[in-house]
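Notes for the one structure printed next.
Just the heavy atoms: all of them, side chains too, but no hydrogens, waters or symmetry mates, feed the values below. First listed ligand is number 1; within each ligand, the first listed atom is number 1.
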Amino acid sequence: MKAELVVQLLAIGLALVGASNAAPASRQLTLGTDTSLDPYPTKPRIVFRENGTFKITVFSDLHFGENPWDAWGPQQDVNSIALMKLVLADEAPDYVVLNGDLITGENTFRENSTSLIDEIVAPLNAVQIPFSSTHGNHDNEPNITHYDEIIREQEVAPLSYTRLAPPGVGGYGGPGNYWVYEKVTDGAPILVLWFFDSRGGFSPGANSTAMPDWVDSTVATWIQTETAAMNTAWGPAENRGALAFVHIPPHVIQPLQADLNSTRDPGLNADILGQGSTQATTDPANAGKDDDFWQTLNSEVQNLHAVISGHDHGNEWCIREPTKNVIFCFDKHSGYGGYSSTGWDHGVRNIVFSSPSPTQGLDTWIRLENGTTRARVTLDGNYMR
Ligand SMILES: *[C@@H]1O[C@H](CO)[C@@H](O)[C@H](O)[C@H]1NC(C)=O
Ligand SMILES: *[C@@H]1O[C@H](CO)[C@@H](O)[C@H](O)[C@H]1NC(C)=O
Ligand SMILES: *[C@@H]1O[C@H](CO)[C@@H](O)[C@H](O)[C@H]1NC(C)=O
Ligand SMILES: *[C@@H]1O[C@H](CO)[C@@H](O)[C@H](O)[C@H]1NC(C)=O
Ligand SMILES: *[C@@H]1O[C@H](CO)[C@@H](O)[C@H](O)[C@H]1NC(C)=O
Ligand SMILES: *[C@@H]1O[C@H](CO)[C@@H](O)[C@H](O)[C@H]1NC(C)=O
């Protein structure tokens with residue numbers, strides 16, 4: 001009951017924003033006050049560098065916690081921590097994203113599953129780089145949930161910007177929907193990072209059953225209310241850039257793999273997308289259930305530079321999604337846990353904004369653990385035209 005009430009209030013908030021746009025004299029806005037749009041009052045402000053650049057490093061599919069009862073499982077985590085430390089020291093990013101499947105939840109025990117979060121955030125705590133996480137299908141299992149991981153991360157990582165969605169937003173097993181903003185100086189935010197929860201995996205407890213594996217349609221409503229509130233508090237949407245992260249790729253990406261051109265769209269392309277590779281494809285009965293999310297994200301969020309996913313460990317490419325004219329990119333599998341194959345290697349995706357201008361493109365590339373870089377592309381209006 002409580003959750004339903006909140007959703008209704010959000011819907012009313014949206015209507016009021018619309019009304020106040022039509023009649024600027026009235027001040028009826030209930031959602032978009034400055035206070036409600038500063039979700040991090042006690043955390044450091046995230047700012048572009050003085051030279052106008054901003055660098056994000058994405059670790060994806062870390063898959064901690066495999067087979068704790070064997071020697072090889074814990075050794076994988078030792079290797080993943082070494083990779084994180086090396087890459088963080090070399091790349092010195094301004095922000096880090098952990099893009100889902102932090103933990104292989106199938107192998108964890110109820111009593112200590114979130115202690116793996118402590119291990120994962122330790123290298124980030126050590127270098128004091130702000131970061132946040134999305135969660136994947138392996139983070140929802142009988143002995144662990146997205147919710148558990150988010151709460152633990154908030155408890156043990158002072159520079160975690162990960163948040164829970166408001167009650168009623170995200171659907172069953174998908175509480176990790178939120179945004180983080182970056183500024184240049186004290187002005188209005190100029191870049192908004194969006195994080196979405198594509199759920200999947202299995203429900204907690206005994207008699208666990210499969211979870212929906214797409215971003216719930218309540219998130220579409222939430223995107224509308226949040227963007228309307230931002231426009232009111234911060235000014236027109238055209239003044240801000242955006243980037244979105246979601247663990248499982250939207251289903252519209254799947255057929256695009258056949259159009260890849262390895263010169264134009266460089267990067268490993270070794271993972272043929274099939275059932276379960278993209279959202280709402282595990283069960284044919286759910287086909288298209290991520291459409292509300294995809295439609296609304298692309299209609300409401302302006303200057304969306306790219307949508308970035310993990311999940312498919314053998315893919316690194318980017319491609320332009322023609323129906324929404326938006327660029328999609330895969331991450332790089334970072335963890336020694338999780339499935340892999342000869343020659344796939346481990347690494348990160350780097351993303352560099354060379355200017356705070358909301359319409360200027362960004363550079364992105366894959367960095368392997370040994371320092372080799374590949375698949376460098378500039379994501380801008382000319383990409384793939
Ligand atoms: C901006 O500054 C960072 C370090 O502070 C440096 O790594 C980067 O190369 C600089 N970029 C430009 C375009 O000057
Ligand atoms: C959790 O407990 C199990 C069983 O006692 C143990 O094998 C495992 O190493 C523990 N895992 C962590 C991350 O502490
Ligand atoms: C969940 O944890 C319990 C006890 O902590 C353990 O007995 C069970 O095997 C675990 N479940 C899975 C699927 O590993
Ligand atoms: C799980 O299912 C079994 C068999 O149907 C039932 O006996 C048990 O009570 C269930 N456990 C829970 C926690 O629902
Ligand atoms: C692949 O892309 C390159 C660079 O844009 C282009 O020159 C080439 O013709 C394309 N190949 C095919 C088969 O389309
Ligand atoms: C790093 O690894 C890649 C992939 O295995 C390999 O092609 C490259 O030669 C290596 N670079 C160095 C400097 O060892």
Side-chain angles (χ1 to χ4, degrees), residues 59 61-85 98 101-125 133 135-153 155-157 173 199-211 255-269 315-322 325 327-330 334-339 361 363-366 374-385:
F59 294 89
D61 297 86
L62 286 163
H63 282 277
F64 272 59
E66 297 193 343
N67 281 40
W69 47 83
D70 284 323
W72 62 263
Q75 183 59 45
Q76 290 185 152
D77 299 348
V78 170
N79 296 345
S80 299
I81 288 169
L83 179 148
M84 291 180 78
K85 286 181 173 169
L98 308 179
D101 282 358
L102 280 63
I103 293 174
T104 299
E106 291 91 323
N107 294 169
T108 61
F109 295 84
R110 183 76 245 171
E111 61 269 20
N112 65 6
S113 54
T114 57
S115 64
L116 292 162
I117 292 292
D118 303 25
E119 294 181 28
I120 293 168
V121 304
L124 293 157
N125 286 347
S133 308
H135 297 86
N137 45 305
H138 290 278
D139 298 303
N140 268 337
E141 292 291 342
N143 284 340
I144 189 117
T145 65
H146 292 191
Y147 180 86
D148 295 340
E149 291 191 27
I150 292 169
I151 296 299
R152 186 68 186 174
E153 185 184 304
E155 284 169 358
V156 298
R199 306 184 289 169
F202 293 86
S203 59
N207 304 335
S208 179
T209 55
M211 303 281 267
L256 305 182
Q257 187 171 37
D259 302 333
L260 283 174
N261 169 338
S262 60
T263 310
R264 192 189 59 185
D265 318 308
L268 184 68
N269 176 33
N315 290 339
E316 298 170 1
W317 38 269
C318 299
I319 198 160
R320 190 178 285 276
E321 196 280 281
N325 194 23
I327 298 169
F328 167 85
C329 291
F330 277 107
S334 308
Y336 277 75
Y339 75 96
D363 292 320
T364 183
W365 66 94
I366 302 298
R374 64 186 181 203
R376 183 182 287 264
V377 283
T378 298
L379 306 183
D380 63 11
N382 296 320
Y383 177 73
M384 258 187 82
R385 301 279 188 178

List the steps, then state whether side-chain hydrogen bond (donor to acceptor under 3.5 Å, both in side chains) holds for Thr104 with His138.
-> CA-CA 5 Å; Thr104 299; His138 290 278; 5.2 Å; no

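- Under the 3.5 Å distance criterion, with hydrogens and angles disregarded, a donor-acceptor pair is assigned to the side chains of Gln75 and Asn79.
- Side-chain polar atoms of Trp317 and Asn269 form a donor-acceptor pair below 3.5 angstrom.
- Where the criterion is an N or O separation shorter than 3.5 Å, residue side chain and backbone included, Asn261 meets it with respect to ligand 5.
- Short contacts between ligand 2 and Ser115, defined as distances under 4.0 Å to a heavy atom of the residue, involve ligand atoms 12 (C), 13 (C), 14 (O).
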Using a cut-off of under 3.5 Å, which N/O atoms of ligand 3 pair up with protein N/O atoms, and what distance separates each pair?
| residue | atom | partner | partner atom | Å |
| --- | --- | --- | --- | --- |
| ligand 3 | 2 (O) | Arg110 | N | 3.3 |
| ligand 3 | 2 (O) | Asn143 | OD1 | 3.4 |
| ligand 3 | 2 (O) | Asn143 | ND2 | 2.3 |
| ligand 3 | 5 (O) | Arg110 | N | 3.4 |
| ligand 3 | 5 (O) | Glu111 | OE1 | 2.5 |
| ligand 3 | 11 (N) | Asn143 | ND2 | 2.9 |
| ligand 3 | 14 (O) | Glu106 | O | 3.3 |

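- The pair Asp139-Arg199 does not meet the salt-bridge criterion, since no charged nitrogen lies less than 4.0 angstrom from a carboxylate oxygen.
- The distance from the CG atom of Asn140 to the OG atom of Ser203 is 8.5 Å, given to the nearest 0.5 Å.
- With respect to Arg152 and Glu155, a salt bridge is recorded, a charged nitrogen being found less than 4.0 Å from a carboxylate O.
- Residues Thr378 and Asp363 have side chains that bring a donor and an acceptor to within less than 3.5 angstrom of each other.
- Those atoms of ligand 2 that come under 4.0 Å of a heavy atom in Leu116, given as number and element, are 13 (C).
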